[in-house]
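Here the structure is a predicted model, which means the values were calculated and not measured. Every chain is numbered from 1, with letters handed out A, B, ... down the list of sequences.
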Number of protein chains: 2
Amino acid sequence: MLPNGVGTFDLGITERKRRERAEREILIVDTARRIAEEEGWAAVTIRRLAQDIEYSQPVIYSHFASRDAIVGAVAIEGFGELAAALRGAAHSASSPKNALAAVAETFLDVAFDRPAIYEAMFVLPSGLRFAKSDTPPQLRDTFDALAAVITPFCQDVEVATETFWASLHGLAELERHGRIRPAFRAQRLARIVQMVCAQAPK
Amino acid sequence: MLPNGVGTFDLGITERKRRERAEREILIVDTARRIAEEEGWAAVTIRRLAQDIEYSQPVIYSHFASRDAIVGAVAIEGFGELAAALRGAAHSASSPKNALAAVAETFLDVAFDRPAIYEAMFVLPSGLRFAKSDTPPQLRDTFDALAAVITPFCQDVEVATETFWASLHGLAELERHGRIRPAFRAQRLARIVQMVCAQAPK
DNA sequence: ATTGATAATCTACCACTGCTAGATTATATA
DNA sequence: TATATAATCTAGCAGTGGTAGATTATCAAT
């Protein structure tokens, strides 16, 4: 037994290992995200990930239970960044209507500029659960950022936010799938903003 | 050479074969749809399809170039049915506002009652191209059915229809993915209808 | 320094996928 | 009945997500 009663000298070693493991986990997520952005999610296979991080496949599974869980990790990152971008857009606006328009435009910008992350957040199976006790705060933050700009134009904030969010997501999805004309994106956004603003508050 | 100069007696045989081939193609699409509805699209594999229609896998590929093409065939069927359902809903309504509400509700009903077909139409890769020369009429029909009920409430019908469509699709997708509360579907729909109706025509 | 236990990692595999080359069987004509 | 052709099948490729079990490195205790 040791003088301090702990039974070991290597708390520092254990700590270093814990840290290295955490770094490797971040490396996996970053690598998945990079491949997805450059070549699409279909290119993000476990073998490819293992090759790129220079470990064998089972190591990936010692960090994530499934491929979906890796998508989920990228999605959470994406929600954090989306929430920040939306808050930034709202903050720079000079009126409630401008804030609404800026947030809507920013949402679509993210969807089209970073389609892989957007897919992870909204389209692919990711194992993420919303409005549950284990829901990551980044998801709530995104919802709240949308709610903040819609509040001046509605009575029921939750319902209005869900509806606003759905409209934006629908615009992103239909355009991503080539169902609606890219050239008229701004006009569709203007119509949404116009309709929301026509609603009386209280 | 034969008296009629055709060089063959079996035009009837050729015709029968052509017919049998067409029937088998329909069987493939119907089978794919059935499996997708009962067990999800992941269960629709080429091997499974081949087994169910009692032919080998290459026979499937003699009808469809890829699995995606089969999804596309189911999607086209779905668009035909969706267009009909939307037109029916609009027809039974007593006012432009009621028609709008009925169409919106019908759209979501289809999305939730037949999720596999909805996925084929809007989510999965299907090889379908919109607003192109080779676009099947069923797709245009669906768009037109939406346009018909939105026309009384807008100036630019195309933009308004795209926006309306996107809102409905977004509501369907977010609810399907558990992002928004199923219990408030009617309230979200009511808000959409309310917003559209607040717009001036002219 | 050498042991024995433990943790970390890898090799090799499973069952499955979409898809296809080439052999085989059935069919229609001469 | 022989031959060309069309229809169909068997068997395989290269890839997937995921994992069991052998192997290696690392540790504490002698």
K.L.:
Under 4.0 Å between a side-chain nitrogen and a carboxylate oxygen: does that hold for Glu81(A) and Arg33(A)?
P.N.:
yes
K.L.:
Does the distance from a Lys or Arg side-chain N to an Asp or Glu carboxylate O, for Arg34(A) and Asp52(A), drop under 4.0 Å?
P.N.:
yes
K.L.:
Between the main-chain N or O of Ala116(A) and the side-chain N or O of Trp41(A), is there a donor-acceptor pair closer than 3.5 Å?
P.N.:
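The answer is yes, because a donor-acceptor pair under 3.5 Å joins these two groups.
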K.L.:
Identify, with sequence neighbours excluded, every residue that meets side chain to side chain donor-acceptor pair (under 3.5 Å) alongside His177(A).
P.N.:
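Scan of His177(A) (side chain to side chain donor-acceptor pair (under 3.5 Å), adjacent residues dropped) gives none.
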K.L.:
Rounded to whole Å, how long is the line connecting atom CD1 of Ile60(B) with atom P of dC19(C)?
P.N.:
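It is 11 Å, rounded to the nearest whole Å.
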K.L.:
How does protein reach along nucleotides 7-12 of chain C, written 5' to 3' as B (base within reach of a heavy atom under 4.0 Å), S (only sugar-phosphate), or - (no contact)?
P.N.:
--SBB-
K.L.:
Output a table of nitrogen or oxygen pairs between the protein and nucleotides 13-16 of chain D separated by less than 3.5 Å.
P.N.:
from    : atom 1 : to       : atom 2 : distance (Å)
dT16(D) : OP1    : Thr45(A) : OG1    : 3.4

K.L.:
Can you measure Leu49(A) atom CG to dG18(D) atom P for me and round it to whole angstrom units?
P.N.:
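These atoms are roughly 12 Å apart.
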K.L.:
One thing to verify: whether Glu158(A) and Arg191(B) come together as a salt bridge, which I'm taking to mean a side-chain N less than 4.0 angstrom from a carboxylate O.
P.N.:
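Looking at Glu158(A) together with Arg191(B), the answer is no, because their closest N to O distance does not fall below 4.0 Å.
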K.L.:
Strictly below 4.0 Å, N to O, side chains only: are Arg188(B) and Glu175(B) in salt-bridge contact?
P.N.:
yes
K.L.:
Salt bridge check, Lys17(B) against Glu20(B): does any charged N sit closer than 4.0 Å to a carboxylate O?
P.N.:
no
K.L.:
Once you round it to whole Å, what is the distance between C1' of dT17(C) and CD1 of Ile70(B)?
P.N.:
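Atom-to-atom, Ile70(B) to dT17(C), this comes out as 14 Å.
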K.L.:
Do Cys197(B) and Leu100(B) make a side-chain contact, defined as non-hydrogen atoms from C-beta onward lying under 4.5 Å apart?
P.N.:
yes
